Protein chains: 2
Amino acid sequence: MIDNNVPTERSGETPCPKGKIERFIEPCLLLLLAEKSAHGYELMDNLEQFGFDPRCQDPGQIYRYLRRMETEGLVESAWESGDSGPARRSYQITGDGLSLLASWMKTLEKRITIINKLITRYQQTIQKGDV
Amino acid sequence: MIDNNVPTERSGETPCPKGKIERFIEPCLLLLLAEKSAHGYELMDNLEQFGFDPRCQDPGQIYRYLRRMETEGLVESAWESGDSGPARRSYQITGDGLSLLASWMKTLEKRITIINKLITRYQQTIQKGDV
DNA sequence: ATATAGTATATGTTATTTACACATAGGTGA
DNA sequence: TCACCTATGTGTAAATAACATATACTATAT
């Protein structure tokens, strides 16, 4: 799902590090819906901006997330029989969705702090000779 | 495994966002071992600095990772019958381990860029009124 | 008319990763 | 000898992500 143009593939063994964040699609969807209401297919394209594959090979995941988020009251949907193409389920974010998005932001800020600490220490370490 | 003093628990439903990075323990272990050789129990304590639980409730995970990393040639181990307590398996990082660590760092830098984009857009959005 | 392609939504199943629970064992001090 | 800390591990369940497939509407070209 995530763009992984990372160095050499390691055969058979553990895959190359992708650094994916657990459930990261959730805050991305919430933010896009906070910006403006949209349907799944549209969201799929916009997720590209957050490192997800363009023309993602797993549309199912997005739809599944959206349906679950609705059962949890984070978003609400309504069918829109558009002028062209099949009907769309249009989603809009709720108050609960907005607060969850806010708590995601706090979480992600903490995560950045931790990653930065790791990077800083790494740079210090390699400067001390370890190549 | 990760410190999650995040807002309100959401009952039954999806857990609070923890923002955990997939396999994040791996670069942490590699960095600690790049700094200096160590055994599992010692590493457990030092992982606290990267947001893992102090006196982690799953020591098994760390040992499992270390053993796998050895089969992949990222680290090497040797038993050390210390002067006190049970024997320890002391790990040291290899050349392959160092290069994987380097590629982890690149991956994490990209990840930070993406998270920052998300945060920036979030702040722009809430400023435009959406509470 | 029908075949193809693009839009749009969804489910079924497997694989990967993490979390929880438990087992083992040496050494130290009460 | 009993409890506790150090130290290393395995077994299994739960959560998450990945892969594969199904359906259906519509527009355009053949």
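In what follows, chains are A, B, ... by sequence order, proteins preceding strands, each numbered from 1. Since this is a predicted model, take the numbers as computed values, not measurements.
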Shorter than 3.5 Å, N or O on both sides, protein versus nucleotides 12-16 of chain C: list them out with atom names.
residue	atom	partner	partner atom	Å
C/dG12	N7	A/Arg64	NH1	3.3
C/dG12	O6	A/Arg64	NH2	2.3

Could you pull out the closest heavy-atom pair between B/Glu35 and A/Thr125, with the gap in Å? CG-OG1, 3.4 Å
When the distance from CG of B/Asp45 to P of D/dT8 is rounded to whole Å, what number comes out? 11 Å
Length of the line joining A/Lys18:NZ and D/dT16:C1', which is rounded to integer Å: 13 Å
How close or far is atom P of C/dG27 from atom CD of B/Glu80, stated in whole angstroms? 15 Å
Just the rounded figure in Å: distance from P of D/dT16 to CZ of A/Phe52. 15 Å
With heavy-atom distances below 4.5 Å as the criterion, would you say the side chains of A/Ser103 and B/Pro17 are in contact? yes
Please report the closest heavy-atom contact between B/Tyr63 and B/Gly40, naming both atoms and the distance. CE2-CA, 3.8 Å
Where is the tightest heavy-atom contact between B/Arg89 and B/Ser77, given as atom of each residue plus distance? NH1-OG, 3.0 Å
Taking 4.0 Å as the cut-off, does a side-chain nitrogen or oxygen of A/Tyr65 come that near to OP1 or OP2 on D/dA17? yes
Can you sort out the partners of B/Asp45 under salt bridge (Lys or Arg N to Asp or Glu O under 4.0 Å), two or more places apart, ordered by chain and number? B/Arg55
A/Gln61 CD to C/dT9 P, in whole Å, measures 16 Å
Pull out every protein N or O sitting under 3.5 Å from an N or O of nucleotides 5-7 of chain D, one pair per line with the distance.
residue	atom	partner	partner atom	Å
D/dT6	OP2	B/Tyr41	OH	3.1
D/dA7	OP1	B/Arg88	NE	2.4
D/dA7	OP1	B/Arg88	NH2	2.0

Contacts of type salt bridge (Lys or Arg N to Asp or Glu O under 4.0 Å), residue B/Arg67, not counting sequence neighbours: B/Glu70
Sub-4.5 Å side-chain heavy-atom contact between B/Leu43 and B/Leu66: yes
Tightest non-hydrogen contact, residues B/Leu30 and B/Gly97, listed as CD1-O, 3.9 Å
Would you say D/dA18 has OP1 or OP2 under 4.0 Å from some side-chain N or O of A/Lys20? yes
Rounded off to whole Å, could you give me the CG-to-P distance for the B/Leu43 and D/dG9 pair? 12 Å
Salt bridge (Lys or Arg N to Asp or Glu O under 4.0 Å) involving B/Lys36 - partner list, sequence neighbours excluded: B/Glu42
Determine whether A/Leu32 and B/Arg121 make a side-chain contact, defined as any pair of heavy atoms from C-beta on separated by less than 4.5 Å. yes
Within this structure, what is the CG-to-P distance between A/Leu66 and C/dT11, rounded to whole angstrom? 12 Å
Whole-Å distance between C/dT9 C1' and A/Met44 CE? 9 Å
Runs of at least three consecutive pairs that involve DNA chain D, where pairs are Watson-Crick or G-U with distances under 3.5 Å: C:1-30 with D:1-30
Minimum heavy-atom distance between A/Pro27 and B/Leu118, given as atom pair plus value: CB-CD2, 4.1 Å
